[in-house]
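One structure below.
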Amino acid sequence: MRYSITGLIAIGLSTTLLYGPVQSQIIFDRPTSGEVRVVYSHWSLEDSSGTVKIDQLTIPFTGFVPLGDNMEASVYVANSSNTLEQSGAEKTLSGLGDARLQFNRSFSNDRLLLSLGVNMPVGKKKLDAGEEMLVLQMLSQNFLNLPMRRFGEGFGFNVLVGGAEMVGPARVGGGVMYQFNGKYDPYEASGSYDPGDFVSINAGADWPSGATTISADAIFTTYLSDKLEGEKVFKQSTQVDLRLNAAYQGQSYSIRGGLGYLLRGRNSLFLPGEEQLRILGNEFLINAGLTRHIASGWSITPSAELKLIGETENGFGKCTVAGFGGAIGKSLGERITLNVGGKYFLGDADDGAVDLTGFQVTGSLAAAF
C-alpha cells in the first residue's frame, strides 16, 4: 500500500470530529450578516521522549442571508496554516477547507423544518503522505482544542427533516438527517477515498421559566464504512451525544452553563484484516460563562471549561484538559460588533504520560446589513 492505515484513520476521525448533525432553526427578522474571525492556537505536548508543538492560524468566514418568509441561507468557509515541531524539525500543512452552504425552510407556522446543505469541494486535497499526513494526524487528536481539523473532501450534501411543537410551556422537537459524503483523493497516489455516509436522529426540548431557560438534547448517529478504491478500510462507531444547558438572562448580564456526554462504541478497522477497537474514548464536558454588559456598548465574558476523555482500546489512557479565559466585546454602532478573547489550557493525556499546555487567541468582526 502507498499510504498508512494511520493516515486513513486520521481522515476518518477528523471528519467525525467536525461533521456533527446539522442544527437548523429559522430566526425571524434576522438581517443579512457576516462575520470574519481570526483564531491562533498553540499546543505543547511533553513526555519522556521530548516536546511536540502544534500551531494553527485559522480564518473562518460565516455569512447569513434571509431569502424570504420562513427561508434563509448560510455559508461557511475557513482557511488555516499549521506548523508541527517535532524532533527538531518543522512540518507544515496549509490550505482552504471546503465551503458549506445551508438552506433552511420552515412550514406550518414554524412547526416543520426542511434543511438542505451542500459541501462544495474547494478545499485542499491530495496531501503528501509525508509531513502533511503527520500534521493531519496531530489535528485529529480530540484532546486538543483546534477549530479546523480537516481540509478538502468530495462533493457532499445533507438533508434534514424536523419538527417542533409546544407542550405546555416547553418547546419540544426532533429531526432526522442524512449526510452523503462523496469520493475524493485525500493523499497523493492514494487512490479514491469514499467516506461513509451517516444518519443522525436528534430530539430536544427547551423549558423557559421567567429569566431562566433549560434545554436538553440527545443525538444518535450511525455511520457507514469508509472505502478506498471500493474496499472497506474504516468504520466509525455509532455514538450518542447528550447535552444539558441552562441560561439566565438578567438586566445587564447573563449566565450560562452546560454539561455534555459523548458516548462512543468500537470502530472497525479492515486493513490489514479486521479488528474492532475503541479508538476515541467517551467524552464528558462541563462549561460555564458570564457575560456582563457595561457602559458604551462594552461587554466582558469570563468563561471556564473542563473536558474528561476516557481511555481507548489501542493503548491510550485517559485525558483531562481544563480551559480558562474570557473575551471583551464592543458594539460599534447598531450593526457592527468587535470581539477579542483568549483562553489558556492545561492538563494531561495518556494517564498523565503526556503533559498538555496551550492557549488560544481570538478576534472577530461581525456586521449586519
Side-chain angles (χ1 to χ4, degrees), residues 1-19 41 43 45 52-58 60 77-87 89-100 119-142 144 146-157 179-198 223-237 267-275 277 279-280 312 314 316:
M1 295 291 182
R2 292 168 292 180
Y3 51 87
S4 73
I5 186 63
T6 307
L8 294 176
I9 291 173
I11 289 286
L13 294 185
S14 63
T15 299
T16 298
L17 290 167
L18 270 102
Y19 258 148
S41 306
W43 284 89
L45 296 77
V52 176
K53 298 179 181 179
I54 179 76
D55 294 89
Q56 181 181 89
L57 177 64
T58 307
V77 66
N79 185 86
S80 82
S81 300
N82 302 271
T83 301
L84 174 65
E85 184 180 329
Q86 187 175 25
S87 303
E90 285 192 353
K91 302 171 178 62
T92 61
L93 171 59
S94 301
L96 190 68
D98 288 345
R100 283 177 280 172
N119 187 76
M120 306 298 293
V122 299
K124 183 175 183 178
K125 292 179 279 291
K126 296 187 177 181
L127 309 181
D128 71 61
E131 65 176 60
E132 290 184 330
M133 184 181 73
L134 292 175
V135 177
L136 183 66
Q137 290 175 17
M138 181 60 68
L139 297 182
S140 71
Q141 301 298 325
N142 63 333
L144 301 180
L146 294 166
M148 186 167 169
R149 300 179 185 268
R150 64 183 179 89
F151 290 82
E153 297 189 354
F155 171 80
F157 67 86
Q179 171 76 43
F180 168 82
N181 295 317
K183 300 177 182 179
Y184 71 107
D185 294 345
Y187 301 115
E188 294 177 350
S190 68
S192 178
Y193 190 78
D194 187 3
D197 302 345
F198 65 81
Y223 299 81
L224 299 179
S225 298
D226 296 4
K227 297 180 180 179
L228 181 69
E229 295 292 339
E231 185 178 359
K232 292 181 181 180
V233 291
F234 179 78
K235 185 177 185 296
Q236 169 62 30
S237 72
N267 307 92
S268 297
L269 289 76
F270 299 100
L271 291 176
E274 183 174 352
E275 189 174 12
L277 284 177
I279 297 175
L280 291 177
T312 71
N314 59 345
F316 200 81

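Bear in mind that the values here come from a model prediction, so they are computed numbers and not experimental data. No hydrogens, no waters, no symmetry mates; every other heavy atom, side chains included, goes into these values.
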Crowding at NZ, Lys232 (>12 non-hydrogen neighbours, <6.0 Å): no

Flag the pair Pro186 / Phe151 as yes when at least one side-chain heavy-atom distance between them is below 4.5 Å, and no otherwise. no

To the nearest 0.5 Å, tell me how far Ser237 OG sits from Ile279 CD1. 8.5 Å

Side-chain touch Leu146/Gln141, heavy atoms, less than 4.5 angstrom: no

Residues which pass side chain to side chain donor-acceptor pair (under 3.5 Å) with Asp128, listed by chain and number, not counting sequence neighbours: none

The reported gap from CD in Gln86 to NZ in Lys53 (rounded to nearest 0.5 angstrom) is 13.0 Å

If the condition is side chain to side chain donor-acceptor pair (under 3.5 Å), which residues does Thr312 pass it with, not counting sequence neighbours? Asn314

Examine distances only and state if a side-chain atom of Asp98 and a backbone atom of Glu153 form a donor-acceptor pair shorter than 3.5 Å. yes

Could you walk me through whether Asn267 and Gln236 pass the side chain to side chain contact (heavy atoms under 4.5 Å, CB included) check? CA-CA 5 Å; Asn267 307 92; Gln236 169 62 30; 2.9 Å; yes

Results of side chain to side chain donor-acceptor pair (under 3.5 Å) for Ser268 - residues two or more places apart only: Gln276

Minimal heavy-atom distance between Leu139 and Arg149, with the atoms involved, is O-NH1, 2.6 Å

With sequence neighbours excluded, what pairs up with Gln56 under the side chain to side chain donor-acceptor pair (under 3.5 Å) test? Thr58, Asn82

With sequence neighbours excluded, residues passing side chain to side chain contact (heavy atoms under 4.5 Å, CB included) with Leu96: Val77, Asn79, Val122

For Thr83, give me all partners under side chain to side chain contact (heavy atoms under 4.5 Å, CB included), at least two apart in sequence or on another chain. Glu90, Thr92

Would you call Phe270 and Ser225 a side-chain contact if the rule is heavy atoms closer than 4.5 Å? yes

The salt bridge (charged side-chain N to carboxylate O under 4.0 Å, His left out) partners of Lys183 (sequence neighbours excluded) come to none

Quick one: list whatever passes side chain to side chain contact (heavy atoms under 4.5 Å, CB included) with Lys126, sequence neighbours left out. Asp185, Glu188

Return the CG to CD distance between Leu136 and Glu131, rounded to the nearest 0.5 Å. 13.0 Å

Rounded to the nearest 0.5 Å, the OG atom of Ser140 sits from the CG atom of Leu280 at a distance of 8.0 Å

Using 0.5 Å steps for rounding, measure from the OG atom of Ser80 to the CZ atom of Arg150. 11.5 Å

For residues Pro195 and Tyr184, determine if any side-chain heavy atom of one lies less than 4.5 Å from a side-chain heavy atom of the other. yes

Near Lys124 NZ, under 6.0 Å, is it more than 12 heavy atoms from other residues, nucleotides or ligands? yes

For the CE atom of Met120 and the CZ atom of Arg100, what is their distance to the nearest 0.5 Å? 13.5 Å

From the list Asp197, Asn119, Asp226, side chain to side chain contact (heavy atoms under 4.5 Å, CB included) with Asn181 holds only for Asp197

Return the set of residues passing ring-ring contact (aromatic ring centres under 6.0 Å, His included) with Phe180 (not counting sequence neighbours), or none when no residue passes. Phe157

Can you give me the closest heavy-atom contact between Gly154 and Pro121, atom names plus distance? C-CB, 3.9 Å

